[in-house]
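For reference, the structure discussed in these notes is given below.
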Number of protein chains: 2
Amino acid sequence: MTQLPAASISAQPGIAYRKVKSILISEIASGALQPGVKFPNETALAKRFGVSVGTLRRAVEELVAENILVRQHGRGTFVRSLDEERFLFQFFKLADRDGNFEYPKVELVAFSQAQATSQEAKVLGLQSGDAVFRLENVLSLQDRATVHDRISIDAKLFEGLTQQCLTQRAGTIYELYQRRFGVTIACADERLRAEDADARSAELLGIAPGASVLRIERVAFTVENRPCEWRISIVNSSRVDYVSRSAHN
Amino acid sequence: MTQLPAASISAQPGIAYRKVKSILISEIASGALQPGVKFPNETALAKRFGVSVGTLRRAVEELVAENILVRQHGRGTFVRSLDEERFLFQFFKLADRDGNFEYPKVELVAFSQAQATSQEAKVLGLQSGDAVFRLENVLSLQDRATVHDRISIDAKLFEGLTQQCLTQRAGTIYELYQRRFGVTIACADERLRAEDADARSAELLGIAPGASVLRIERVAFTVENRPCEWRISIVNSSRVDYVSRSAHN
DNA sequence: AAGTGGTCTAGACCACTTG
DNA sequence: AAGTGGTCTAGACCACTTT
């Protein structure tokens, strides 16, 4: 069982369950609580924070709702590991016309380090000129190149990232962020529009330049709610849809 | 205060707070609990259902999370009325490039009653040939025609709907559904893709036929989780984005 | 059998809104 | 002052998983 300092609730702002929640978030972000490792049980955690079990549960329940923790009846509570199936599809929302999701084949087509443009800096919360990594992927579905991703990330956060890391990884890139760099992606904002494919995307996707493509701009955030990845996805949506499912009853 | 029968919990399936929730949902759907009207307070409701206040609260909290109820500290609990600002933007997700939302101007360009195609029947849970209403709207943002909506709804659910109802209404069409027909939209599934504008959409939106447009297909559900509206929106996304905001911490 | 989370209770007290 | 929801407690008992 993880041994952690007797975090004092009174040192944090806000009401009790929010304090507990924010302490848990920072411990997850710092790596003190590792993905896949079992949490202390509720009574122990409640005692550590000096709150009742009910209050502890409320904090944990919110983190479960935010997909940061997972509880399993009879087994325990865990930091959600990004290799879990359903987690992948929290961020990968392309399905075929019948609504079926498929794990994409990923090919890295470019990797470089560069100085952040003003736009990159703004989105990622950096200074213009700070180092960023830029990478480009082509994702295939049903053996057809379907998505062209351009990704920018803060080089400092991902110090030591190499082309090898990326090409030799198993699993998603978000899993790599989490396992090698301790950066856990918790949520993302996306903006979508239709546009005409530029020359590069058209070539990579094997379509005519100027064809209608779906453009998805995504900013992904860590558990601490800091922007850490900026991504433009160009999608040939002639065979797939972007699916947005609202939470049903 | 609303006077309702002493609904017996034990007659419903599932565990207590789920029973309470499903009874509340059916009472909202049936119109026994009206939008904007104050709920009985927690202790009274709990007594009516024969559960503790904590259990009642849990049911209500889930309905609040699903945007069906609204609680206001010190004032009371209400069925959410669809004319509330933020509710509009639960379903209208088009923002300008700076992320600003604007209330669209709506113009009805077609209205008819027809027999459901097999596709309409399938989506809406009808039989092929059942009566449906079809309507088309053009939505303008910043005085530019931006969205062309094609909407199909079950004619039986909206019996008595006329062109007048639609053109003379104040507020959103979902508010009309709720106020005139007692149909409260609670959530929706959406699928997006890029495509080339067809002749009709191009004309209505004042763009070239074949221009890249965003196609949004939406199925909207009632509080009882029954599909009740099918809508295809064609969006000229040269000035607006579809914004998908994930719930942050 | 032991340990975990899931549900439920019956209170207490606080914060906010309204008359 | 009265009424509402918001937070918190300290238990009880159940359901599920593991040993």
Side-chain angles (χ1 to χ4, degrees), chain A residues 1-3 7-24 33 35-81 84 249, chain B residues 1-3 7-24 33 36-81 84:
Chain A
M1 186 190 291
T2 323
Q3 190 55 271
S8 170
I9 277 294
S10 42
Q12 300 287 325
I15 50 190
Y17 81 93
R18 294 211 168 274
K19 293 176 195 169
V20 172
K21 187 180 164 188
S22 86
I23 295 176
L24 288 174
L33 294 168
V37 173
K38 192 153 116 179
F39 256 50
N41 68 48
E42 300 183 318
T43 5
L45 263 184
K47 197 167 290 172
R48 178 160 90 80
F49 289 122
V51 298
S52 76
V53 177
T55 302
L56 184 273
R57 281 186 69 88
R58 176 148 184 194
V60 171
E61 270 159 17
E62 289 202 358
L63 292 169
V64 169
E66 290 165 17
N67 292 308
I68 294 171
L69 298 182
V70 182
R71 317 186 79 165
Q72 290 176 35
H73 195 170
R75 302 217 319 121
T77 303
F78 310 84
V79 176
R80 183 156 191 172
S81 153
E84 292 173 41
N249 316 334
Chain B
M1 187 190 288
T2 323
Q3 190 56 273
S8 169
I9 277 294
S10 42
Q12 300 287 324
I15 50 189
Y17 81 93
R18 295 212 167 273
K19 293 176 196 168
V20 171
K21 188 180 163 189
S22 86
I23 294 176
L24 288 174
L33 294 168
V37 174
K38 194 153 113 180
F39 255 51
N41 67 48
E42 299 183 319
T43 7
L45 263 184
K47 196 167 293 172
R48 178 158 91 80
F49 289 122
V51 298
S52 76
V53 177
T55 301
L56 183 274
R57 282 187 68 88
R58 176 147 184 195
V60 170
E61 269 158 18
E62 290 202 358
L63 292 168
V64 169
E66 289 165 18
N67 291 309
I68 293 170
L69 298 183
V70 181
R71 317 186 79 164
Q72 290 178 34
H73 195 170
R75 301 218 318 120
T77 302
F78 310 84
V79 176
R80 184 156 190 172
S81 152
E84 291 172 43

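In what follows, every chain begins at residue 1, and chains take the letters A, B, ... in the order their sequences are listed. Hydrogens, waters and symmetry mates are skipped; everything else that's a heavy atom, side chains included, is used.
Rounded to a whole Å, the CG atom of L63(B) is 16 Å from the C1' atom of dG5(D). Here dT4(C) presents its P atom at 14 Å from CZ of F39(A), a figure rounded to the nearest Å. Put simply, CZ on F49(B) is 18 Å from P on dT7(C), counting in whole angstrom units. Atom-to-atom, CZ of F78(A) to C1' of dT18(D) comes out at 11 Å; the value is rounded to the nearest Å. To the nearest angstrom, P of dG11(C) lies 16 Å from CG of L56(B). Between R57(B) atom CZ and dT9(C) atom P there is a gap of 14 Å when expressed in whole angstrom units. If you measure from atom NZ of K38(B) to atom C1' of dT4(D), you get 7 Å, rounded to the nearest angstrom. One atom, CD of Q72(B), and another, C1' of dT17(C), lie 10 Å apart when rounded to the nearest Å.
Look at dG3(D): its Watson-Crick or wobble partner, with both distances under 3.5 angstrom, is dC16(C). Base pairing analysis places dA10(C) opposite dT9(D); the two distances defining the Watson-Crick or G-U wobble pair are each below 3.5 Å.
OP1 and OP2 of dT4(D) both lie 4.0 Å or more from every side-chain N or O belonging to T77(B). Between Y17(B) and the phosphate of dC8(C), there is no side-chain N or O to OP1/OP2 separation shorter than 4.0 Å. A close approach under 4.0 Å does not occur between any side-chain nitrogen or oxygen of R58(A) and OP1 or OP2 of dC8(D). Look at T55(B) and you'll find a side-chain N or O under 4.0 angstrom from OP1 or OP2 of dT9(C). The shortest distance between the side-chain N/O atoms of N41(B) and the OP1/OP2 oxygens of dG3(D) is not below 4.0 Å.
Between G76(B) and K38(B) the shortest heavy-atom distance is CA-CD, 4.5 Å. A pairwise comparison of heavy atoms in L24(B) and V60(B) identifies CD1-CG2, 4.3 Å as the closest pair. A16(B) approaches T55(B) most closely through the heavy-atom pair CB-CG2, 4.0 Å.
Here R71(A) pairs with E42(A) in a salt bridge; the nearest charged N to carboxylate O distance falls below 4.0 Å. Between E66(B) and R80(B), no side-chain nitrogen of the basic residue sits less than 4.0 Å from a carboxylate oxygen of the acidic one, so the salt-bridge criterion is not met.
Sequence order on DNA chain D of the closest nucleotides to R75(B) and G74(A) puts R75(B) first from the 5' end. Between S52(A) and E61(B), the one whose closest nucleotide on DNA chain D sits nearer the 5' end is E61(B).
dG6(D) has no base stacking with the ring of H73(B) when judged by centroids under 5.5 angstrom apart and an interplanar angle below 30°.
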